[in-house]
2 protein chains.
Amino acid sequence: MENAADSKGLTTIPEPTLRRLPIYYQYLRNLESAGKKVISCTTIGNDLSLDPTQVRKDLAHTGVEGKPKVGYMVSDLVRKIEEFLGWNKINAAFLAGAGNLGSALLGYPQFREHGLSIVAAFDRDPAKVGSLIHGKRVLPLETLPGLARRMGIRLGIITVPPAAAQEVADFMVQGGIQAIWNFAPVMLKVPSSIVVRNEELYYSLAALSHTLAKKLNVEIKKGEEGYASSN
Amino acid sequence: MENAADSKGLTTIPEPTLRRLPIYYQYLRNLESAGKKVISCTTIGNDLSLDPTQVRKDLAHTGVEGKPKVGYMVSDLVRKIEEFLGWNKINAAFLAGAGNLGSALLGYPQFREHGLSIVAAFDRDPAKVGSLIHGKRVLPLETLPGLARRMGIRLGIITVPPAAAQEVADFMVQGGIQAIWNFAPVMLKVPSSIVVRNEELYYSLAALSHTLAKKLNVEIKKGEEGYASSN
DNA sequence: TATATATAGAGAAAAGTTTCTCGATTCGCT
DNA sequence: AGCGAATCGAGAAACTTTTCTCTATATATA
């Protein structure tokens, strides 16, 4: 029974599945607030333009069970996905770098609903230290390791400029932080036991701009054809 | 010769490759500014913890060519990836929703270097309309379609609250926008010819929090074992 | 109560992606 | 000039993910 093993983290879950789960989750939350009680993979697949079997396999990874002819309880699905992604327990996090992006993240309401609570921000700029951003206190960067250790913080978010990122990462590791969400465009060097997730907004832009460029190219070609011939 | 076809957009490129290309790009830009002229897939693979053959196949999609025993010209690679991703031409974009996230995106310096120039922001809040955010003027939302059409804008970015997202998307479609980068947690309904890329910061959180949850679980179990037995 | 139908779930097949293997090429060194 | 080492590029093999097919089951309806 692979599902049970999966939901306990004993097997590895496909990356693509992991990327789709939050999409299902959002969709299901919308259903829930619309008052829908049960849902089938067929319907989910139609609404999200995904293959129903794929949806079923994805959801099975969370250990949820459905009924033939009926589908799944929406509330079951929501709960199982939350558990699976660790969104049912709040992770306290430290954020380093109280610039534009850092401030936006500090004020991002969705995080709280998805198991992430940024409890403090850190910066080197004396003008920022001591101030409040979206209700979170900005503290001196040097105090990060000690505080992280005392408060048992497991998650760090890096939104400092690239040049400072490695040093901040070192601070975080020193403070016993286990997972780093890195928004700086550099590859961090950390012990292999630390989970690093690199996030660059422009990474996501790649797919979009590639598709758009291709699309515009095709249009230009069509235009030229239409101009040259008389069709 | 599949590479040539690829670089002209005639074949489909694997999603995973598309996600890795920006990573290579960033790495290569760093090399470039460090003065490195040539690079091999072996070295790239080592530095980025990827299989060298995979790196080679990924890069081949851009149509770049290397020399045995030497590798690739760093500058060739950078140029080819830029062309492939459409980063060599600047795309002018409109952004709707001048809140926290919108402001952060307006001030995000990396976009400009990657083919994206946000030329104006739109909001419904009269307090924001008319002001400048990071040098970009905030305009009334209603003027978006007309302006988009007149300026030939192809790309729209949505950072409004979920409830307003669909309406904004409709405005964008009406204004002839071809691709939408959607940061609101809703599935937009748009004509199938429009490219939509949904971006949710917490989507990326999924992988990280799942791994962290798993990791902490394992640690707890280990702890319990250690406690129960005397090992 | 029997029947038709929608759907979960499991396993097989197909498609896609990554990794391996090998030959060809280039360069530096002797 | 010839030799050895490094690397590209192409094709094959292994692996992963997606899609298809089938069976069992729950529900609604006649």
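To find a chain, count down the sequence lines: A is the first, B the second, and so on, and within it residues start at 1.
The interatomic distance linking B/Gln54 (CD) with D/dC15 (P) rounds to 16 Å, in whole Å. Between the C1' atom of C/dT7 and the CE atom of A/Met73 lies a distance of 16 Å, rounded to the nearest Å. If you measure from atom CD of A/Glu15 to atom C1' of C/dG16, you get 16 Å, rounded to the nearest angstrom. To the nearest angstrom, C1' of C/dT7 lies 14 Å from CG of A/Leu77. Atom-to-atom, CG of A/Asp76 to P of C/dT7 comes out at 18 Å; the value is rounded to the nearest Å. Here C/dG9 presents its C1' atom at 14 Å from CG of A/Asp58, a figure rounded to the nearest Å.
Between B/His61 and B/Phe84, the distance from one ring center to the other does not fall under 6.0 angstrom.
The phosphate of C/dG9 has OP1 or OP2 within less than 4.0 Å of a side-chain N or O from A/Tyr72.
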Just list the side-chain donor-acceptor pairs under 3.5 Å for residues 102-112 of chain A, sequence neighbours left out, or say none.
{"unit_1": "A/Ser103", "atom_1": "OG", "unit_2": "A/Gly99", "atom_2": "O", "d": "2.6"}
{"unit_1": "A/Tyr108", "atom_1": "OH", "unit_2": "B/Glu200", "atom_2": "OE1", "d": "3.2"}

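For B/Tyr202, the ring-ring contact (aromatic ring centres under 6.0 Å, His included) partners two or more places apart in sequence, or in a different chain, are A/Trp87, A/His114. Remark: B/Glu113 pairs with no residue by the salt bridge (Lys or Arg N to Asp or Glu O under 4.0 Å) rule, at least two apart or across chains. With sequence neighbours excluded, the residues forming a ring-ring contact (aromatic ring centres under 6.0 Å, His included) with B/Phe94 are B/Phe122, listed by chain and number. Under the side chain to side chain contact (heavy atoms under 4.5 Å, CB included) criterion, A/Ala164 pairs with A/Val160, not counting sequence neighbours.
Residue pairs satisfying the salt bridge (Lys or Arg N to Asp or Glu O under 4.0 Å) criterion with at least one member in residues 40-57 of chain B, sequence neighbours excluded, are absent. Applying the side chain to side chain donor-acceptor pair (under 3.5 Å) rule to pairs touching residues 176-188 of chain A yields A/Gln178-B/Lys215, A/Trp181-A/Glu199, A/Asn182-A/Asn198, sequence neighbours excluded. Sorted by first and then second residue, the salt bridge (Lys or Arg N to Asp or Glu O under 4.0 Å) pairs involving residues 161-174 of chain A (not counting sequence neighbours) are A/Arg124-A/Glu167. Pairs of residues two or more places apart, or lying in two chains, never qualify as side chain to side chain donor-acceptor pair (under 3.5 Å) while including a residue from residues 188-197 of chain A.
Contacts between residues 36-50 of chain B and DNA chain D, defined by a heavy-atom separation under 4.0 Å, are made by B/Ser40, B/Cys41, B/Thr42. Across residues 17-30 of chain A, A/Arg20 each have a non-hydrogen atom less than 4.0 Å from an atom of DNA chain D (numbered order).
Checking B/Leu48, B/Asn46, B/Thr53 one by one against B/Leu50, the side chain to side chain contact (heavy atoms under 4.5 Å, CB included) holds for a single residue, B/Leu48.
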I'd like to compare against my own output: the B/S/- annotation of nucleotides 20-30 of chain C with a strict under-4.0 Å heavy-atom distance to protein.
B----BBB---
